[in-house]
Amino acid sequence: MVETADRTDADDVTAPLPDHGVVPAVWGRITNLDVDRGEGSWLITRDGERYLDYSSGIGVTNTGHAHPRVAAAIAAQAAKLLHGQQNILYHEPGLRLYERLAGLLPGGPWQAFLSNSGAEAVEAAVKLARVATGRPAILAFRYGYHGRTAQTMALTAAKDIYRGAFEPLPGSVYHTAYPYCYRAAGGAHDPAACTCDWEAQLDLTFHQLIDPERVAAIIVEPVLGEGGYLVPPPSFLPRLREITAEHGILLIADEVQTGFGRTGQMFAVRHWDVEPDILVMAKGIASGLPLSGILAHRDLMAAWTPGSHGGTYGGNVVSCAAANATLDVIEDEGLVAKARERGSQFLAGLRLLAGRYASIGDVRGLGLMLALEFVKPGDADGRTPDPELAKRVQGEALARKLIVLTAGTYVNVIRIIPPLVTTAAEVDLALSILDESLAAAGA
């Protein structure tokens with residue numbers, strides 16, 4: 001006789017859920033949807049409503065929701081071993097992943113270190129930079145976002161809410177200007193025409209606040225995320241690489257949101273042929289399972305003495321299995337090239353919308369990392385941020401079953417983060433919904 005497990009409420013989408021109030025309010029709400037499952041670009045609620053998810057869990061589900069190959073790899077590994085702590089044993093999924101990650105970026109030679117969250121990986125990068133250089137200071141950029149642990153809050157300058165209530169924060173962190181092209185003199189829509197003075201501001205930072213010989217590393221998102229999906233001018237990262245090399249400063253590329261094909265390259269630094277000293281990765285690495293890490297040159301990684309950094313759950317065996325399957329899907333399904341193709345389609349459509357709605361001050365993006373910045377066209381120079389309009393557009397889109405997110409220091413940016421598996425038809429649908437939403441919101 002075959003025994004069957006007792007059915008539980010967790011198996012029954014008709015069973016009543018606890019009140020939403022059981023979740024603490026610190027989790028700011030994007031939607032109040034009760035979701036049962038996901039399929040590719042779609043989320044399906046418990047009552048069967050389908051939503052086009054162009055948030056991707058904040059840039060995580062690059063392979064789409066519940067990709068069959070990733071789900072199968074997770075199930076197979078979970079039936080064998082759930083936890084194999086890295087200090088105690090080696091496991092095949094982890095060894096294979098370490099080897100594969102080391103080959104994802106040209107140059108090097110690279111070595112990976114695995115942890116759980118993006119913030120953890122940023123902390124690892126900062127610790128490694130300090131121990132490898134013997135220098136205390138870290139330089140970050142205004143509008144940047146690097147996490148919400150104590151050290152990463154100190155690095156973050158995207159919004160005051162992320163750090164303002166939690167001071168004092170760890171010291172020896174300094175911020176300098178980022179080239180925000182739309183808000184530079186003249187308001188360049190084309191990054192190639194940007195007139196930003198970021199290099200002069202960096203030089204001033206070195207002369208006023210911190211001697212460059214005391215700086216261990218400069219950390220930068222190749223395309224800024226929470227700060228508003230800011231794409232830098234073409235000369236920015238190559239010149240920043242030259243400046244860091246001149247002063248013996250390590251360059252840390254925070255690719256938590258830009259990595260694993262999101263921008264139309266496996267990692268965004270490849271758009272500018274820049275080789276960082278340390279690269280931070282998370283989000284898209286494992287299709288939704290907790291996993292993060294850094295890539296660093298082997299000589300840098302050797303600066304850590306055994307036991308000086310680590311963690312109980314880093315490189316979890318099931319997460320590593322998911323990451324290996326994720327890399328297989330990215331490669332076999334050509335998702336990096338698809339990000340470029342669908343991104344070009346989407347960007348062209350957004351630019352057509354911008355020509356019809358005066359409140360869209362800027363359209364920008366790289367690959368499937370796209371943004372609309374909303375302004376009050378009748379105010380001053382026409383670039384006054386309009387966060388209320390951005391919120392209305394987001395709400396109108398949700399009412400039409402499209403999920404998009406906001407971003408930016410003034411929360412006046414709609415950011416669009418489709419899974420890399422999204423189709424041309426889905427992109428057209430999203431553009432149609434956005435058009436309706438802009439009109440309904442009074443854009």
Side-chain angles (χ1 to χ4, degrees), residues 30-31 33 35-45 48-74 223 229 257-268 271 283-288 322 325-354 363-372 393-394 396-405 414-438:
I30 307 292
T31 82
L33 300 176
V35 170
D36 174 52
R37 66 192 188 279
E39 298 171 354
S41 301
W42 298 85
L43 289 172
I44 299 94
T45 65
E49 297 291 327
R50 293 172 62 86
Y51 285 77
L52 185 56
D53 181 18
Y54 275 13
S55 74
S56 295
I58 316 184
V60 170
T61 55
N62 289 9
T63 60
H65 290 292
H67 192 289
R69 292 177 65 181
V70 178
I74 291 168
V223 177
Y229 276 32
Q257 193 159 167
T258 55
F260 296 94
R262 170 59 51 193
T263 67
Q265 291 281 356
M266 181 60 79
F267 294 110
H271 287 285
K283 288 190 182 287
I285 190 174
S287 296
T326 297
L327 289 173
D328 289 341
V329 170
I330 290 173
E331 179 179 348
D332 295 346
E333 298 186 14
L335 295 190
V336 177
K338 285 184 179 179
R340 291 194 295 270
E341 294 164 8
R342 298 284 73 77
S344 294
Q345 175 192 355
F346 217 136
L347 194 60
L350 292 176
R351 285 173 174 158
L352 287 175
L353 292 178
V363 174
R364 52 184 177 256
L366 202 57
L368 283 172
M369 189 174 181
L370 303 150
L372 298 170
V393 172
Q394 182 188 34
E396 293 290 348
L398 183 63
R400 291 162 175 79
K401 297 184 171 56
L402 171 66
I403 302 173
V404 293
L405 303 179
I414 291 288
R415 55 175 163 162
I416 305 163
I417 329 171
L420 309 190
V421 297
T422 199
T423 66
E426 289 169 347
V427 170
D428 284 341
L429 174 61
L431 286 166
S432 176
I433 292 173
L434 285 170
D435 191 4
E436 293 178 10
S437 302
L438 288 161

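Nothing here was measured: the structure is a model prediction, and the numbers come from that model. We use all heavy atoms of the structure for the numbers below, so side chains are in, but hydrogens, waters and symmetry mates are not.
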Would Arg342 and Glu426 pass as an ion pair if we require N to O under 4.0 Å?
no

Before giving the answer on side-chain contact (heavy atoms from CB on, under 4.5 Å), spell out for Arg69 and Thr63 the whole-Å C-alpha distance, their side-chain angles and the decisive distance to 0.1 Å.
CA-CA 10 Å; Arg69 292 177 65 181; Thr63 60; over 6 Å; no

For [X] and [Y], work out which heavy atoms get closest and say how close.
X      : Y      : value
Ala286 : Ala322 : O-CB, 3.7 Å
Pro419 : Thr61  : CB-O, 3.3 Å
Val421 : Glu333 : CG1-OE1, 4.2 Å

Does Tyr229 have any ring-ring contact (aromatic ring centres under 6.0 Å, His included) partners at least two apart in sequence or in another chain, and if so, which?
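Per chain and number, Tyr229 pairs via ring-ring contact (aromatic ring centres under 6.0 Å, His included) with no residue.
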
Is the ring pair Phe346/Tyr54 parallel, tilted or perpendicular, if the boundaries are 30 and 60 degrees?
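Tilted, since the angle between the ring planes falls between 30° and 60°.
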
Using modelled atom types only, decide if a donor and an acceptor are shared between the side chain of [X] and the backbone of [Y] within a distance under 3.5 Å.
X      : Y      : value
Arg340 : Gly264 : yes
Asn62  : Gly261 : no
Arg262 : Leu368 : yes
Thr422 : Ser41  : no
Glu39  : Ala66  : no

Apply side-chain hydrogen bond (donor to acceptor under 3.5 Å, both in side chains) to the pair His271 and Thr263, showing each step before the final yes or no.
CA-CA 9 Å; His271 287 285; Thr263 67; 3.0 Å; yes

What's the separation between atom [atom1] in [X] and atom [atom2] in [Y], rounded to the nearest 0.5 Å?
X      : Y      : atom1 : atom2 : answer
Ser55  : Ile403 : OG    : CD1   : 5.5 Å
Ile433 : Leu438 : CD1   : CG    : 12.0 Å
Ile414 : Ser437 : CD1   : OG    : 9.0 Å
Leu350 : Asp435 : CG    : CG    : 10.5 Å
Thr423 : Gln345 : OG1   : CD    : 8.5 Å
Asp53  : Leu33  : CG    : CG    : 9.5 Å

Given Thr326 and Ser287, is the side-chain hydrogen bond (donor to acceptor under 3.5 Å, both in side chains) satisfied, shown in steps?
CA-CA 6 Å; Thr326 297; Ser287 296; 2.6 Å; yes

Answer yes or no: are there more than 12 heavy-atom neighbours, outside Glu49 itself, under 6.0 Å from its atom CD?
yes

Counting C-beta onward and ignoring hydrogens, is there a side-chain heavy-atom pair between [X] and [Y] closer than 4.5 Å?
X      : Y      : value
Arg415 : Ile58  : yes
Ile330 : Met266 : yes
Leu402 : Tyr51  : no

List the steps, then state whether side-chain contact (heavy atoms from CB on, under 4.5 Å) holds for Ile416 with Leu434.
CA-CA 11 Å; Ile416 305 163; Leu434 285 170; 3.9 Å; yes

Start with the C-alpha distance between Thr31 and Gln394, add both sets of side-chain angles, then the distance that settles side-chain contact (heavy atoms from CB on, under 4.5 Å), and finish with yes or no.
CA-CA 10 Å; Thr31 82; Gln394 182 188 34; over 6 Å; no

Tell me every residue that passes salt bridge (charged side-chain N to carboxylate O under 4.0 Å, His left out) with Lys338, counting only those two or more places apart in sequence or in another chain.
none

